[in-house]
Amino acid sequence: MDLREGQTQPILDPNQPSHVYHLALDIGGSLAKLVYFTKDDDHLVDGEEGISHRKALEKSDSSKQYPVLNGKLNFKKFETSRINDCIEFIKSMKLHIGGSQPQENPGSQPIAIKATGGGAYKYPDLFKERLGIILDKEDEMDCLVAGANFLLEVVHQEAFTYMGDQKQFVQIDPNDLYPYLLVNIGSGVGMIKVEGEGKFERVSGTSIGGGTFWGLGKLLTKCKSFDELLELSYRGNNRAVDMLVGDIYGGMDYSKIGLSSTAIASSFGKAISDNKERGDYKPEDIARSLLRMISNNIGQISYLNALRFGLKRIFFGGFFIRRHPFTMDTLSVAVNFW
């Protein structure tokens, strides 16, 4: 799919659903995400993001042919615990009317919207009652792998490395893409060995993921949202909470086994020896330690699984790392360390 510069489009009126195409939902354990395509390049929900033809996605050298669509993909997220807010947004924007799947006899049957995730099974009655639509369920893993393959094969500057505040795009040869390890970080973490189109296997995972960060963060701080907790973590210093190698060895490295003095020996370990109560620790330091602990763990498990199956590439995806530089950097450091 190319989103290239086209003829001038009329400004989208949110109350005119005819400009909206192909609304789809992914309702996970922590977050509900929706995406919808519009013909208008200028339409963007406040505070959210989109992919427009002004930021053209160029075709790769792939031999596959994809249609050229002039317009924008718009993205919006909601906490799954506030699924009613998501439904109200869809209703207010009339996205389900313009973004429904083609019907042979319009009006003769309920509108069907593609949906993945556990929420597609948990909330179908709610969507039917509130919006009069049917959630047409697609397999989450099938969609995840198909989407990743498409982006990696077709879209330039889709894959990149991130370490030390340096973002470097990776050129992908479609003929040398497979096999690879896809690490999808949601509420939990799924690790999938992808060997080709429609050829994949879930080989591992961990329950310590984005939901862990958010859940423990809510218990340990006063944050009310995932984004608030992430923002808090960026202001923190994990060294105030974590026990480092230098704390154990008098500020020195443990060079014999390759550990620097700044390496984390024990996440949250200082809470053992410090004569402090939880209230004595800054919430931003707790959030930073928690984020680093989870990211390091995911990075290590990912590397070990890549090693186990002889895979030379690991691609990380999922909302946990989306536009979050510290999280991406920590994952890269963990993989690089091991």
Side-chain angles (χ1 to χ4, degrees), residues 148 152 159-170 179-194 202-217 226 229-230 232-249 253-270 284-338:
L152 292 169
F160 58 89
T161 60
Y162 194 101
M163 184 179 292
D165 295 327
Q166 295 296 317
K167 183 177 183 178
Q168 182 175 352
F169 289 100
V170 178
Y180 67 84
L181 185 69
L182 177 59
V183 180
N184 186 48
I185 311 175
S187 300
V189 182
M191 299 183 185
I192 307 157
K193 180 177 68 170
V194 183
R202 187 184 187 277
V203 295
S204 188
T206 171
S207 62
I208 302 175
T212 312
F213 173 66
W214 191 1
L216 281 177
F226 183 83
L229 183 61
L230 270 174
L232 182 68
S233 70
Y234 294 156
R235 305 197 301 267
N237 180 6
N238 68 292
R239 297 184 182 188
V241 181
D242 294 338
M243 182 184 294
L244 309 181
V245 169
D247 296 325
I248 300 173
Y249 287 91
D253 297 337
Y254 191 173
S255 55
K256 183 177 180 180
I257 59 174
L259 291 176
S260 69
S261 62
T262 57
I264 299 174
S266 176
S267 296
F268 289 90
K270 278 188 178 174
E284 57 265 36
D285 296 340
I286 293 175
R288 182 75 166 226
S289 174
L290 184 60
L291 182 64
R292 186 175 282 273
M293 178 185 73
I294 292 170
S295 299
N296 274 329
N297 185 66
I298 295 171
Q300 181 178 4
I301 295 175
S302 301
Y303 167 76
L304 292 175
N305 274 284
L307 190 67
R308 173 188 175 196
F309 293 100
L311 306 176
K312 62 182 179 181
R313 288 196 182 98
I314 305 172
F315 292 107
F316 293 95
F319 200 89
F320 182 71
I321 61 173
R322 172 190 150 277
R323 295 171 60 194
H324 300 141
F326 181 74
T327 309
M328 292 188 288
D329 186 80
T330 305
L331 284 167
S332 297
V333 169
V335 172
N336 187 64
F337 175 85
W338 289 105

Enquirer: Given side-chain contact (heavy atoms from CB on, under 4.5 Å), test F268 with M293 step by step and report yes or no.
Expert: CA-CA 9 Å; F268 289 90; M293 178 185 73; 4.2 Å; yes
Enquirer: Looking at every heavy atom in both L232 and A287, which two are closest together, and how far apart are they?
Expert: CD2-CB, 4.1 Å
Enquirer: Of all residues at least two apart in sequence or in a different chain, which pass the side chain to side chain donor-acceptor pair (under 3.5 Å) check with S266?
Expert: none
Enquirer: Among residues at least two apart in sequence or on other chains, which ones pass side chain to side chain donor-acceptor pair (under 3.5 Å) with T212?
Expert: none
Enquirer: Between F320 and L291, does the side-chain contact (heavy atoms from CB on, under 4.5 Å) criterion hold? Intermediate values first, please.
Expert: CA-CA 10 Å; F320 182 71; L291 182 64; 3.6 Å; yes
Enquirer: Which heavy atom of E284 sits nearest to which heavy atom of R235, and what is that distance?
Expert: CG-O, 3.9 Å
Enquirer: Partners of S289 by side chain to side chain donor-acceptor pair (under 3.5 Å), sequence neighbours excluded?
Expert: D242
Enquirer: Is it the case that atom CZ in R239 sees more than 12 heavy atoms from other parts of the structure closer than 6.0 Å?
Expert: no
Enquirer: Would you call the rings of F226 and H324 parallel, tilted or perpendicular if under 30° counts as parallel and over 60° as perpendicular?
Expert: tilted
Enquirer: Among residues at least two apart in sequence or on other chains, which ones pass side chain to side chain donor-acceptor pair (under 3.5 Å) with S187?
Expert: S30
Enquirer: Can you measure from OG1 (T327) to CZ (R292) and round to the nearest 0.5 angstrom?
Expert: 10.5 Å
Enquirer: Show me the donor-acceptor pairs, under 3.5 Å and distance only, between side chains in residues 330-338 and residues at least two apart or in other chains.
Expert:
unit_1, atom_1, unit_2, atom_2, d
T330, OG1, F326, O, 2.8
S332, OG, Y162, O, 2.6
S332, OG, M328, O, 3.1

Enquirer: At what distance, to the nearest 0.5 angstrom, does CD1 of I298 lie from CD1 of I294?
Expert: 7.0 Å
Enquirer: Without swapping roles, check the side chain of R288 against the backbone of N238 for a donor-acceptor pair under 3.5 Å.
Expert: no
Enquirer: Nearest 0.5 Å, what's the CG-CE distance between L304 and M191?
Expert: 9.0 Å
Enquirer: Do any N or O atoms from the side chain of K193 and from the backbone of F309 form a donor-acceptor pair under 3.5 angstrom?
Expert: no
Enquirer: May I ask you to decide if N237's main-chain N or O and D285's side chain share a donor-acceptor pair within less than 3.5 Å?
Expert: yes
Enquirer: Run the numbers on I248 and M243 for side-chain contact (heavy atoms from CB on, under 4.5 Å), then give the verdict.
Expert: CA-CA 8 Å; I248 300 173; M243 182 184 294; 4.0 Å; yes
Enquirer: Report, one line per pair, each donor and acceptor closer than 3.5 Å where one atom sits in a side chain of residues 204-211; sequence neighbours left out.
Expert:
unit_1, atom_1, unit_2, atom_2, d
S204, OG, N305, ND2, 3.3
T206, OG1, I208, N, 3.1

Enquirer: Of all the heavy-atom pairs spanning L244 and D247, show the shortest one and how long it is.
Expert: N-OD2, 2.8 Å
Enquirer: Looking at L229 and F213, what are the two nearest heavy atoms and their distance?
Expert: CD2-O, 3.2 Å
Enquirer: Show the nearest heavy-atom pair for residues R202 and V189, with the distance to one decimal.
Expert: NH2-O, 3.7 Å
Enquirer: Would a 4.5 Å heavy-atom cut-off, applied to side chains only, mark I264 and N296 as touching?
Expert: yes
Enquirer: Between L152 and Y180, is there a side-chain heavy-atom distance shorter than 4.5 Å?
Expert: yes
Enquirer: What do the steps show when you test T161 against V170 for side-chain contact (heavy atoms from CB on, under 4.5 Å), and what is the final call?
Expert: CA-CA 7 Å; T161 60; V170 178; 3.9 Å; yes
Enquirer: Considering non-hydrogen atoms only, spot the tightest contact between V183 and S302 and give its length.
Expert: CG2-OG, 3.5 Å
